Structure formats: C-alpha cells, structure tokens
Trainee: 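Pasting a structure here, questions to come.
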Amino acid sequence: QVQLVESGGGLVQAGGSLRLSCAASGRAFSSLAMGWFRQAPGKEREFVAAITWSGDNTHFADSVKGRFTSSRDNAKNTLYLQMDNLQLEDTAVYYCARRDLAYAIGLSTSAWQYQHWGQGTQVTVSS
C-alpha cells in the first residue's frame, strides 16, 4: 500500500520560509513523478509544483514561480518543497501526490493524473 506522509508545515510570518517534506513508501518511488498541490479554505485544490521521476525537471504554478523550489532524494524516498518569501495567499493545506505511470515523460499539473495523495500539512502565513 502506498503511503505519502507530509511534514514541515506550520505558522510563519509573511516573507518567511518553510520546507515541506513528503516521505513515500514503496520501492517504485524513484521511477515516479511527484507533485504538490494546495487547498485554501473555501477554494478548490490547485496545482503548486511537479517534479519528474529523476528530479531533473520541475514546473511551478505562476503564483509560486521564483519563490518555491522542489527537489527529491530518491535514495530516501523523500520529496521536498522549499517555500521562500511566503505570502498570506500561500496559506493552505499542502498535499504531495504521486503518479503511477513509471518514467513518465513530461510534467502534469492536473490532479486527476495523480493516483496517490498524502493527508496534507497546514501552512499558515501571518502578517
């Protein structure tokens, strides 16, 4: 059974930084693309970032481009989201997600293309 467990969320002042981690179970992690999504209260879940299975390529939503980066350590089965210069509008529950298509070419921004999801971690940005 696939398990994705996010950590690293919390309360931070605007302009601050947080690093989220997503620990994944399963030996296939290194061959599978991963993504980050978020959901703010009263809003739909939205795409934040995607990373290829190798970690060589990433793609970000325009709203976080230049402020967020994503990386992965396949030896540790862990995905990361580094969030810098956080803004009030970044407040949301952040989810990591995994695709089941091994060695997928390209990056997906669509939630329906991710088959497994973590439980989420809350990020709250205060003024």
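For clarity, every value in this text was computed on a predicted model and none was experimentally measured.
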Trainee: Would you say Phe37 and Glu44 make side-chain contact, with heavy atoms under 4.5 Å?
Mentor: no
Trainee: Going by side chain to side chain donor-acceptor pair (under 3.5 Å), name the residues that satisfy it together with Ser17, two or more places apart in sequence or in a different chain.
Mentor: Asp84
Trainee: Taking salt bridge (charged side-chain N to carboxylate O under 4.0 Å, His left out) as the cut-off, I'd like each qualifying pair that reaches into residues 52-62, sequence neighbours left out, listed once.
Mentor: Asp62-Lys65
Trainee: May I have all residue pairs that pass salt bridge (charged side-chain N to carboxylate O under 4.0 Å, His left out) and include part of residues 66-78, sequence neighbours excluded?
Mentor: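 Listed once each, the pairs are Arg67-Asp90.
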Trainee: Can you tell me how far CG of Leu32 sits from CG of Asn77, rounded to the nearest 0.5 angstrom?
Mentor: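 Spacing of CG (Asn77) from CG (Leu32) equals 10.0 Å.
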Trainee: Suppose the criterion is salt bridge (charged side-chain N to carboxylate O under 4.0 Å, His left out): which pairs have a residue in residues 99-127, not counting sequence neighbours?
Mentor: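 Counting only pairs at least two positions apart or across chains, the salt bridge (charged side-chain N to carboxylate O under 4.0 Å, His left out) contacts touching residues 99-127 are Arg98-Asp100.
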Trainee: How would you list all residue pairs meeting disulfide bond (SG atoms under 2.5 Å apart) that involve residues 32-103, not counting sequence neighbours?
Mentor: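 Applying disulfide bond (SG atoms under 2.5 Å apart) to every pair that reaches into residues 32-103, excluding sequence neighbours, yields Cys22-Cys96.
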Trainee: Taking everything shown except Leu88 itself, do over 12 heavy atoms lie less than 6.0 Å from its CG?
Mentor: yes
Trainee: Sequence neighbours left out, what passes side-chain contact (heavy atoms from CB on, under 4.5 Å) with Val12? Give chain and number order.
Mentor: Leu18, Leu86, Val125
Trainee: Nearest 0.5 angstrom please: Leu107 CG to Ile51 CD1, how far?
Mentor: 8.5 Å
Trainee: Considering residues at least two apart in sequence or located in another chain, which fulfil the ring pair (Phe, Tyr, Trp, His ring centres under 6.0 Å) criterion with His59?
Mentor: Phe47
Trainee: Tell me, do Leu4 and Met34 make a side-chain contact under 4.5 Å, heavy atoms counted?
Mentor: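 With C-beta onward as the side chain, the pair touches.
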Trainee: I need the Trp112 CH2 to Ser108 OG distance, nearest 0.5 Å.
Mentor: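 Reported to 0.5 Å precision, the distance equals 7.0 Å.
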Trainee: Kindly give the heavy-atom pair with the smallest separation between Ala92 and Ala40, and that separation in Å.
Mentor: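 Answer, listing the atom of Ala92 first, then Ala40: CB-N, 3.8 Å.
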Trainee: Not counting sequence neighbours, which residues clear side chain to side chain donor-acceptor pair (under 3.5 Å) with Thr91? List them please.
Mentor: none
Trainee: Side-chain donor-acceptor pair under 3.5 Å between Thr121 and Glu6, yes or no?
Mentor: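 No, no side-chain donor-acceptor pair sits under 3.5 Å.
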Trainee: With sequence neighbours excluded, what pairs up with Thr124 under the side chain to side chain donor-acceptor pair (under 3.5 Å) test?
Mentor: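 So Thr124 forms a side chain to side chain donor-acceptor pair (under 3.5 Å) with Gln122.
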Trainee: Checking Glu46 now: which residues fulfil side chain to side chain donor-acceptor pair (under 3.5 Å) with it, not counting sequence neighbours?
Mentor: Arg38
Trainee: State the OG-CG distance between Ser21 and Leu81, to the nearest 0.5 angstrom.
Mentor: 9.5 Å
Trainee: Looking at every non-hydrogen atom in both residues, tell me the closest pair between Leu79 and Phe29 and how far apart they are.
Mentor: N-CZ, 4.1 Å
Trainee: Write out all pairs satisfying ring-ring contact (aromatic ring centres under 6.0 Å, His included) with one or both partners inside residues 60-105, taking only residues at least two apart or from two chains.
Mentor: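 Of all non-adjacent pairs touching residues 60-105, those that pass ring-ring contact (aromatic ring centres under 6.0 Å, His included) are Trp53-Tyr103.
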Trainee: If a pair satisfies salt bridge (charged side-chain N to carboxylate O under 4.0 Å, His left out) and one of its residues is in residues 14-23, list it, with sequence neighbours excluded.
Mentor: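 Output for this query is empty, none listed.
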Trainee: In this structure, would Val123 and Trp117 fall into the same cluster of hydrophobic residues linked by side-chain contacts under 4.5 Å?
Mentor: no
